[in-house]
Amino acid sequence: MFKVVEMFESINGEGYKAGQLAYFVRFQGCNMNCVYCDTKWANKKDAPYQLMSAQDIVSKVNEAHIKNVTLTGGEPMLQEEIEELIRLLYENGHEVEIETNGSIDISSYDHCDYRPSFTLDYKCPDSGMEKFVDVMNYDHIQEKDTIKFVCSSRIDLEKAYEIIEKYALNKKAHVYLSPVFGKIDPQEMVAFMLEKNMNDVNLQLQMHKFIWDPEERGV
């Protein structure tokens, strides 16, 4: 059974399918606590949720007649039966994307017939969560995957550039930089991309909010 906090129809806001219609399924709970998290409410243990089976979820998705399905959170990879849900969605003709924080191993999907596309975060230093990132995942990413760097400073940009170069990410998958609202000017990010000749990297203006209040951050 899955702890589903919300399901809704919208458009993808990030990754290579940005702008396309998608059906979102958001799950409760996360193993990280990023300072800019825009769905903090869904991460809390007391967040209201509905227990749903994989078939329940697929039935709701089918009613929307939307091809793209985005599994998000929280952290969807923490859901114990997530592979079963992905398989059922695939068998019902859906294309599945998982928005994951990059801390959980994706290697089990390497040779899977119903492998989803992954949008994996690399948590830059200012997120406070960098130590939890599993860089071994970069041995298992594919062309349809996306690596996302949410940046709030020059330090974050420098780390993003370092990781992109070290693991040749722009030769393996789609790579995106995204700003934290109020912390960095997108023009500064463009200037950095020009400085580093980041020709195969995309700037995506999906703003993340930096949360100053420790109580709001849950720390």
Side-chain angles (χ1 to χ4, degrees), residues 1-34 37-123 132-134 136-148 173-174 206:
M1 300 294 283
F2 297 86
K3 294 181 178 180
V4 179
V5 295
E6 64 175 350
M7 305 174 76
F8 59 94
E9 304 165 15
S10 186
I11 59 169
N12 269 314
E14 60 186 36
Y16 76 103
K17 287 190 175 183
Q20 293 186 20
L21 288 173
Y23 195 95
F24 288 80
V25 182
R26 187 182 306 283
F27 302 105
Q28 185 203 59
C30 188
N31 58 335
M32 285 192 181
N33 188 29
C34 299
C37 180
D38 54 4
T39 52
K40 185 73 65 178
W41 63 273
N43 300 343
K44 297 178 179 178
K45 292 182 178 180
D46 61 352
Y49 62 85
Q50 180 179 359
L51 275 179
M52 301 180 69
S53 69
Q55 188 57 61
D56 291 337
I57 294 172
V58 173
S59 295
K60 289 289 291 183
V61 172
N62 286 343
E63 291 174 4
H65 303 289
I66 293 176
K67 177 180 66 176
N68 297 322
V69 179
T70 300
L71 305 181
T72 188
E75 173 48 62
M77 297 286 282
L78 294 176
Q79 300 292 315
E80 293 182 1
E81 300 174 26
I82 196 69
E83 290 192 31
E84 172 67 8
L85 174 59
I86 295 167
R87 182 185 64 79
L88 282 176
L89 287 167
Y90 175 83
E91 290 176 352
N92 278 264
H94 299 288
E95 294 184 9
V96 180
E97 176 186 2
I98 295 185
E99 295 182 347
T100 177
N101 61 31
S103 69
I104 299 175
D105 181 15
I106 66 169
S107 63
S108 63
Y109 293 89
D110 280 357
H111 305 292
C112 180
D113 291 338
Y114 48 88
R115 185 188 186 278
S117 61
F118 289 97
T119 294
L120 293 103
D121 286 350
Y122 182 91
K123 300 300 184 182
F132 297 110
V133 175
D134 183 1
M136 297 299 292
N137 278 330
Y138 302 150
D139 292 330
H140 305 282
I141 56 176
Q142 299 181 9
E143 187 178 355
K144 65 179 180 179
D145 296 331
T146 298
I147 310 299
K148 184 181 70 175
H174 305 271
Q206 184 201 28

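The residues of the chain are indexed from 1 along the displayed sequence.
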Novice: Please check if the side chain of S117 supplies one atom and the backbone of T146 the other of a donor-acceptor pair under 3.5 Å.
Specialist: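 The answer is no, because no donor-acceptor pair under 3.5 Å joins these two groups.
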Novice: Does the side chain to side chain contact (heavy atoms under 4.5 Å, CB included) test come out yes or no for W41 and V5, once each step is laid out?
Specialist: CA-CA 10 Å; W41 63 273; V5 295; 3.8 Å; yes
Novice: Write out all pairs satisfying salt bridge (charged side-chain N to carboxylate O under 4.0 Å, His left out) with one or both partners inside residues 16-25, taking only residues at least two apart or from two chains.
Specialist: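 Matches after skipping sequence neighbours: K17-E95.
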Novice: Please enumerate all residues that pass side chain to side chain donor-acceptor pair (under 3.5 Å) together with H174, with sequence neighbours excluded.
Specialist: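 If we apply the side chain to side chain donor-acceptor pair (under 3.5 Å) test to H174, skipping adjacent residues, there are no hits.
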Novice: Could you tell me which residues satisfy salt bridge (charged side-chain N to carboxylate O under 4.0 Å, His left out) with E81, sequence neighbours excluded, listed by chain and number?
Specialist: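 E81 satisfies salt bridge (charged side-chain N to carboxylate O under 4.0 Å, His left out) with no other residue.
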Novice: Show, in sequence, the C-alpha distance, side-chain angles and deciding distance for L21 and H65, and conclude whether the side chain to side chain contact (heavy atoms under 4.5 Å, CB included) test is met.
Specialist: CA-CA 10 Å; L21 288 173; H65 303 289; over 6 Å; no
Novice: What closest approach, in Å, do G102 and L120 show between heavy atoms, and which atom pair accounts for it?
Specialist: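 Result for this residue pair: CA-CD2, 4.2 Å.
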Novice: Among residues two or more places apart or on two chains, list those pairs meeting salt bridge (charged side-chain N to carboxylate O under 4.0 Å, His left out) that have a residue in residues 52-62.
Specialist: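 Pairs touching residues 52-62 that pass the test: none.
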Novice: What's the shortest heavy-atom distance between A42 and G74, and which atoms?
Specialist: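 Residues A42 and G74, closest heavy atoms: CB-N, 4.3 Å.
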Novice: Working to the nearest 0.5 Å, report the span between CE of M7 and CD of Q50.
Specialist: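 Reported value, rounded in 0.5 Å steps: 8.0 Å.
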Novice: Of all the heavy-atom pairs spanning I98 and P76, show the shortest one and how long it is.
Specialist: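 Nearest pair, atom of I98 first, then P76: CG2-CG, 3.7 Å.
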Novice: Listed by chain and number, what are the salt bridge (charged side-chain N to carboxylate O under 4.0 Å, His left out) partners of E6, not counting sequence neighbours?
Specialist: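 Expected list: R26.
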Novice: Indicate the atoms forming the closest heavy-atom contact of F118 with T100, along with that distance.
Specialist: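 Taking every non-hydrogen atom into account, CD2-CG2, 4.1 Å.
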Novice: With sequence neighbours left out, which residue pairs that include part of residues 97-108 fulfil the salt bridge (charged side-chain N to carboxylate O under 4.0 Å, His left out) condition?
Specialist: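 Residue pairs with at least one partner in residues 97-108: there are none.
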Novice: Stepwise, does the side chain to side chain contact (heavy atoms under 4.5 Å, CB included) test hold for L71 with I86?
Specialist: CA-CA 9 Å; L71 305 181; I86 295 167; 4.1 Å; yes
Novice: What's the spacing between N137 CG and Y109 OH if we round to 0.5 Å?
Specialist: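 Between atom CG of N137 and atom OH of Y109 there are 11.5 Å.
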Novice: Among residues at least two apart in sequence or on other chains, which ones pass side chain to side chain donor-acceptor pair (under 3.5 Å) with N31?
Specialist: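 Testing N31 for side chain to side chain donor-acceptor pair (under 3.5 Å), a comparison that skips the adjacent residues, returns N101, S103.
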Novice: Is I104 close to L78 at the side-chain level, that is, under 4.5 Å between some pair of heavy atoms?
Specialist: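 Yes, side chains in contact.
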Novice: Drop me the distance from M1's CE to I57's CD1, to the nearest 0.5 angstrom.
Specialist: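 Taking CE in M1 and CD1 in I57, the distance rounds to 8.5 Å.
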Novice: Roughly how far, to the nearest 0.5 Å, is CD1 of I82 from CZ of F2?
Specialist: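 The CD1 atom of I82 is 5.0 Å from CZ of F2, to the nearest 0.5 Å.
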Novice: I'd like to check the ring-ring contact (aromatic ring centres under 6.0 Å, His included) partners of Y138; sequence neighbours left out, ordered by chain and number.
Specialist: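 So Y138 forms a ring-ring contact (aromatic ring centres under 6.0 Å, His included) with Y167.
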Novice: With sequence neighbours excluded, what pairs up with K123 under the salt bridge (charged side-chain N to carboxylate O under 4.0 Å, His left out) test?
Specialist: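 Expected list: D121.
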Novice: Under a 3.5 Å distance rule, please check whether Q28 uses its side chain to pair with a backbone N or O of K45 as donor and acceptor.
Specialist: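 Here the side-chain-to-backbone pair exists.
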Novice: Count the heavy atoms belonging to other residues, nucleotides or ligands that lie under 6.0 Å from OH of Y90, then report whether that count exceeds 12.
Specialist: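 For Y90, atom OH is not crowded (no more than 12 foreign heavy atoms under 6.0 Å).
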Novice: Using 0.5 Å steps for rounding, measure from the CG atom of N68 to the CD1 atom of I11.
Specialist: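 Here the rounded value is 11.5 Å.
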Novice: Testing the basics here: between S108 and E83, what is the closest heavy-atom pair and its distance to 0.1 Å?
Specialist: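 S108 and E83 have their closest heavy atoms at OG-OE2, 3.6 Å.
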Novice: Assess the residue pair E9 and I66 against the criterion (side chain to side chain contact (heavy atoms under 4.5 Å, CB included)); give the C-alpha distance rounded to whole Å, side-chain angles, the decisive distance to 0.1 Å, and a yes or no.
Specialist: CA-CA 8 Å; E9 304 165 15; I66 293 176; 3.9 Å; yes
Novice: Using the test ring-ring contact (aromatic ring centres under 6.0 Å, His included), find all partners of Y122 that sit at least two apart in sequence or belong to another chain.
Specialist: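 Expected list: F149.
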Novice: Would you name the heavy atoms of K148 and E14 that are closest together and state the gap between them?
Specialist: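 The answer is NZ-OE1, 2.9 Å.
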Novice: Going by the rule side chain to side chain donor-acceptor pair (under 3.5 Å), which residues pair with D113 if we only count those two or more places apart in sequence or in a different chain?
Specialist: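 Once residues adjacent in sequence are excluded, D113 has no partner under the side chain to side chain donor-acceptor pair (under 3.5 Å) criterion.
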Novice: Under the rule for salt bridge (charged side-chain N to carboxylate O under 4.0 Å, His left out), what residues qualify as partners of E91, not counting sequence neighbours?
Specialist: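 Testing E91 for salt bridge (charged side-chain N to carboxylate O under 4.0 Å, His left out), a comparison that skips the adjacent residues, returns R87.
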Novice: I need the T39 OG1 to F27 CZ distance, nearest 0.5 Å.
Specialist: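 Going from OG1 on T39 over to CZ on F27, the span is 13.0 Å.
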